[in-house]
There are 2 protein chains.
Amino acid sequence: MTAGADAPDGRRRTRGSGASTVQDVAAEAGVSPMTVSRVLSGAQHVRPELRERVEAAVLHLGYHRDENARSLRRRRSGLIGVTITNIANPYYAGLQRGIEEVAARHERRILVGNSNEDPVRERQLVGDFVGRRVEGLVVVPSGQGPATHLQPKALGGVPLVLASRAVEGVDADTVLIDDVRGAYEAATLLLREGHTRIAFLGNRVSVFTGQRRFAGFRQAHEEAGVPVVGELVRQGQQDVDSAREAMTELLALDDPPTAVFTANNRNTLGAIRAIAVAERDRSGAGGRRQTRVVGFDSFELADLSPVALSLVDHDAEELGRQAAEMLFERLEAAGEDEQQAPRLVELPVRLVEDVARL
Amino acid sequence: MTAGADAPDGRRRTRGSGASTVQDVAAEAGVSPMTVSRVLSGAQHVRPELRERVEAAVLHLGYHRDENARSLRRRRSGLIGVTITNIANPYYAGLQRGIEEVAARHERRILVGNSNEDPVRERQLVGDFVGRRVEGLVVVPSGQGPATHLQPKALGGVPLVLASRAVEGVDADTVLIDDVRGAYEAATLLLREGHTRIAFLGNRVSVFTGQRRFAGFRQAHEEAGVPVVGELVRQGQQDVDSAREAMTELLALDDPPTAVFTANNRNTLGAIRAIAVAERDRSGAGGRRQTRVVGFDSFELADLSPVALSLVDHDAEELGRQAAEMLFERLEAAGEDEQQAPRLVELPVRLVEDVARL
DNA sequence: TTGTACGCGTTATCAA
DNA sequence: TTGATAACGCGTACAA
């Protein structure tokens, strides 16, 4: 103690710095700070009597070890950074839950940021996380513009796992849904049922999953020898309302589609609404058969859909768990000399024809 | 520089500690660490020339300031702790998004933990967050057992806001939905329509919102002079399936209810399923009128319900925003002498009679 | 078994 | 305007 024993404005050890420290606990227990540290780390070589005194002091003072200072010294923050494009989307909520579950099992916490599909925001979040010395990152990339912020150099060597979407030019561990196969199976189902005019409703073309799902859709057509009908392909609907509008337009065509493949749950919901409304208006008169829907992703109450519906189902929590597991495998392999090449995992999907069985 | 210029095991400045430090940047720019710190904090009083040198060095080294060490010295972590009972529930996902939005606006990050409705886990999470020196906490309490871990003493003075549920014996800022009024209005609607045998489907009695919603339900009955029918009250369904079973039982009664109030979206979904199935089985024969449903909470695709439905709607994101705003108001008022008493805010609900207008 | 000395990376304070 | 010094709270290494 050299200087600054008392601040001139009189705040000191009352509400000043707030939390108590090892020093305080040590003083209260009549031991050195080191002994306190040992007790808190569950060390073996402490006399039971001292241990009890320390534990009593901890309880008495309501002491919480400063994990911040601790991680500074130990060189591991116990933190995993997670950026998601939209947490409010139930799918990504499940993803986050999966990540959190695995992180908790490894005694880590997650820092979560919403990128809002905005690459600039994503860059800020990742930069901040790196500054906070997260031990690893799980990113659902917004996937537009250059991804320099996801390059190893920008990450300062922090391991990265991409979830749900890949990014061109970024060589990182990646966990995806088997989008191509799911879309392929969905389209094949419709083609087998005899449909030849099948509409496609999907995301913006720039969205990775959107591209892949369209690829599967097209592939199924090629194999069946049925051409994809250009005027029935609508890409760019990011929310339920625009999907509904797109479907309504399609239904109003002179030669409307007899079936539709919707490439995500936003578009499925929009399509169902449009079809249900059209149905209601025709009130069974026209005699035209109801438009058939097969959609990617599942959603609550799907089994009560007023429209004939099949779904390509997959597990968001599992996606999150896998991503987190891959990250921790990287962390554990960090000491080794030979670094593994980035891995790509594609999780299986399940085509549910009868949605009541979801 | 006294000692420790080189570790005996030869790892040093190669891949050793990994990230570069202010020291490195200072050396590279030929200035003192303090000048680097000033530049990074956007300080005014630095010669442009030096500033440029520093900025170049930062870029060159890919330097990220260590927010951990920084917060140790500055005594503010820039972190807000959030515990939620179940992130996978879309409602709480929205809540989290609201919190994150406000936190981001205040340049804070959120640490998120899933308590899984488990008080023990909640206690661990809160303890860890306090140890990480979060500046504040937003908790959706699991609300069973004693809540000693939410007492000011256990929190070491960290401000707390309870969201969605209150906790007996905990005097903290709280943001709730106006559960009582919502349930009251829902029940009143049904009573006005002439129903006198109204079922109630709700949460476990121990869940705070469940109690409040039952209170509103009962109050409406009292005012209308209609008794609550005991055999039609089912509390304890925590998921869709058990809710469906409960509703199925009610429909099988000799004198089944003509309407049901469901106290949350799990129960609403279950009730709708049960009614839809019963409907289908009778296939319009019996001539009995369809059971009317009014539910608390909204959900996707509600407008396509096969059963006549009204809902008590409210905004999860707004709840999250309000909770976070209250927290930051506390933080800003932290310096002042007089501490405000804990505040209770109840957010309004909206009775949507025609669900197509949601 | 226990304690002492020092360093982790940063910034507040004060002196130049 | 810039730099030296100390301190934030903790853990490691080593000495007692």
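All heavy atoms count here, side chains included; hydrogens, waters and symmetry mates do not. Within every chain, numbering begins at 1; the chains are lettered A, B, ... in the order of the sequence lines, protein sequences first and strands thereafter.
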Rounded to whole Å, please give me the gap between [atom1] in [X] and [atom2] in [N].
X	N	atom1	atom2	answer
B:H45	C:dA16	NE2	C1'	17 Å
A:R132	C:dT10	CZ	P	14 Å
A:R74	D:dA13	CZ	P	13 Å
B:R76	D:dG9	CZ	C1'	19 Å
B:D66	D:dG9	CG	P	16 Å
B:N68	C:dC8	CG	P	15 Å
B:R53	D:dT1	CZ	C1'	14 Å
A:E67	C:dC8	CD	C1'	16 Å

Would one find a side-chain N or O of [X] under 4.0 angstrom from OP1 or OP2 of [N]?
X	N	result
A:Y63	D:dC10	yes
A:R75	C:dG9	yes
A:S37	D:dG11	yes
A:T35	C:dG3	yes
A:R65	D:dG11	yes
B:R70	C:dG9	no

When you measure from the side chain of B:E122 to the backbone N and O of B:S142, does any donor-acceptor pair fall under 3.5 Å? yes
[X] side chain: which of [options] is closest?
X	options	result
B:R47	D:dC10, D:dT2, C:dG9	D:dT2
B:R73	C:dA12, D:dA4, C:dT2	C:dA12
A:M34	D:dT1, D:dT12, C:dA12	D:dT12

Are A:E117 and A:R165 ion-paired here, with the side-chain N under 4.0 Å from a carboxylate O? yes
Are any of the side-chain nitrogens in A:E67 or B:R133 under 4.0 Å away from the carboxylate oxygens of its partner? no
Rounded at 0.5 Å granularity, tell me how far CD in B:E317 sits from CD in B:E100.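 Result: 10.5 Å between the selected atoms.
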Return whichever of B:V46 or B:R133 has its heavy-atom-nearest nucleotide of DNA chain D closer to the 5' end. B:V46
If each of B:L72 and B:R38 is mapped to the nucleotide of DNA chain C with the nearest heavy atom, which maps nearer the 5' terminus, i.e. the 5' end? B:L72
If you pin A:S32 and B:A69 to their nearest nucleotides in DNA chain C, which one's is more 5'?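 Nearest nucleotide further toward 5': that of A:S32.
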Contact check, side chains of B:R121 and B:T83, non-hydrogen atoms, under 4.5 Å: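 They are not in side-chain contact.
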